[in-house]
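Below is one structure, written out as structure tokens; the observations come after it.
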Amino acid sequence: MTTSSATEKKPTVELTKEQIAFYQREGYISLEPLTTPEEVVWLRGIYDRLIREKAGWEGGDQFDLGGVDDTTKEPVLPQILSPTKYAPELNDAQLLVNARRVIQQLLGSDEATCSFAHLIYKPARIGAATPWHQDSAYWNAQYDHRTLSVWVPLQEATLENGCMQFVPRSHEAHAIYKHQSINNDPRIHGLEFVAEELHRVKGAVACPLAPGGATVHGGYTFHYTGPNRSEVPRRAAILMGGLPALKRSVPVDVPWMAEKQTARAERAKAAAGKDVQPNG
Ligand code: NI
């Protein structure tokens with residue numbers, strides 16, 4: 001797999017000091033398109049193919065983020081991890097170069113990395129909400145992660161189809177609040193705040209975006225996307241990157257991850273087993 005093409009491209013975006021200060025203060029930012037309309041069309045073609053072909057399903061990289069992977073039903077929130085495994089040409093995108101530049105500016109370091117992390121697809125009409133959560137609730141809690149997510153819709157993102165929403169300044173405490181699997185069902189990959197924590201969700205700001213626009217948030221910022229009540233699919237590509245995580249002096253507990261029993265993890269395990277030599 002090569003990333004050479006994207007590294008040869010130069011960024012075409014530059015944040016202002018005011019934008020960087022806004023991000024640091026509020027814990028999120030909403031940005032104008034990070035790529036051209038032409039590239040958005042190209043990305044959408046790749047995206048729709050990966051969803052249609054169920055790329056990564058067998059190995060556990062594609063699954064229903066909001067359901068139990070019941071194959072007799074339409075998934076309500078298909079997600080594909082590591083999409084460049086299935087479409088390496090994504091590494092040629094100007095979007096990648098620009099998202100990297102945004103992350104580097106927000107973290108104040110040219111060392112910050114960026115890659116296509118996952119795709120989250122909300123099918124027309126039946127696409128489910130992604131409940132309020134913090135990304136750090138999913139991550140190895142031995143570390144304080146310096147990872148940002150750049151969330152990019154490949155069509156307009158609106159309140160009706162499930163644009164991103166944030167609670168301003170919710171990152172300030174650097175705390176991970178109590179989560180559970182969606183519907184408290186450990187067979188579901190997605191997480192949500194437990195009911196007792198929902199009082200923390202106030203003053204939410206919705207961020208509608210143009211195609212190819214972006215929001216950026218860090219691991220502690222509370223965020224949510226509503227269900228897709230529109231007649232068109234809502235496609236979001238999420239690029240992630242940053243600086244190496246720092247070991248915590250006081251570890252945090254994320255017991256909800258230890259309880260997971262997802263079909264996705266079972267498929268991943270079975271696929272990994274296939275690669276093992278019988279005598280190895
Ligand atoms: Ni998230």
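All values below come from the heavy atoms of this structure, side chains included, with hydrogens, waters and symmetry mates left out. We count ligands from 1, going down the list as the structure has it; atoms in each ligand are counted the same way. For clarity, every value in this text was computed on a predicted model and none was experimentally measured.
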Pairwise salt bridge (Lys or Arg N to Asp or Glu O under 4.0 Å) hits with a residue in residues 51-61, at least two apart:
R49-E53, D61-K85
Around the Ni ion (ligand 1), list the protein N/O/S atoms within a radius below 2.8 Å, excluding water molecules.
H133 NE2, D135 OD1, H223 NE2
Do NZ/NE/NH1/NH2 and the carboxylate oxygens of D69 and R267 come within less than 4.0 Å?
yes
Please tabulate, for side-chain N and O atoms in residues 205-220, each donor-acceptor pair with protein atoms closer than 3.5 Å (sequence neighbours left out).
residue, atom, partner, partner atom, Å
H217, NE2, D135, OD2, 2.8
H217, NE2, H223, NE2, 3.4
Y220, OH, D144, OD1, 2.6
Y220, OH, R248, NH1, 3.4
Y220, OH, R248, NH2, 3.3

Just jot down the side chain to side chain contact (heavy atoms under 4.5 Å, CB included) partners of S249, sequence neighbours excluded, or say none.
none
Roughly how far, to the nearest 0.5 Å, is CZ of F116 from CG of L90?
5.0 Å
Donor-acceptor contact below 3.5 Å, side chain Q94 vs main chain T36
no
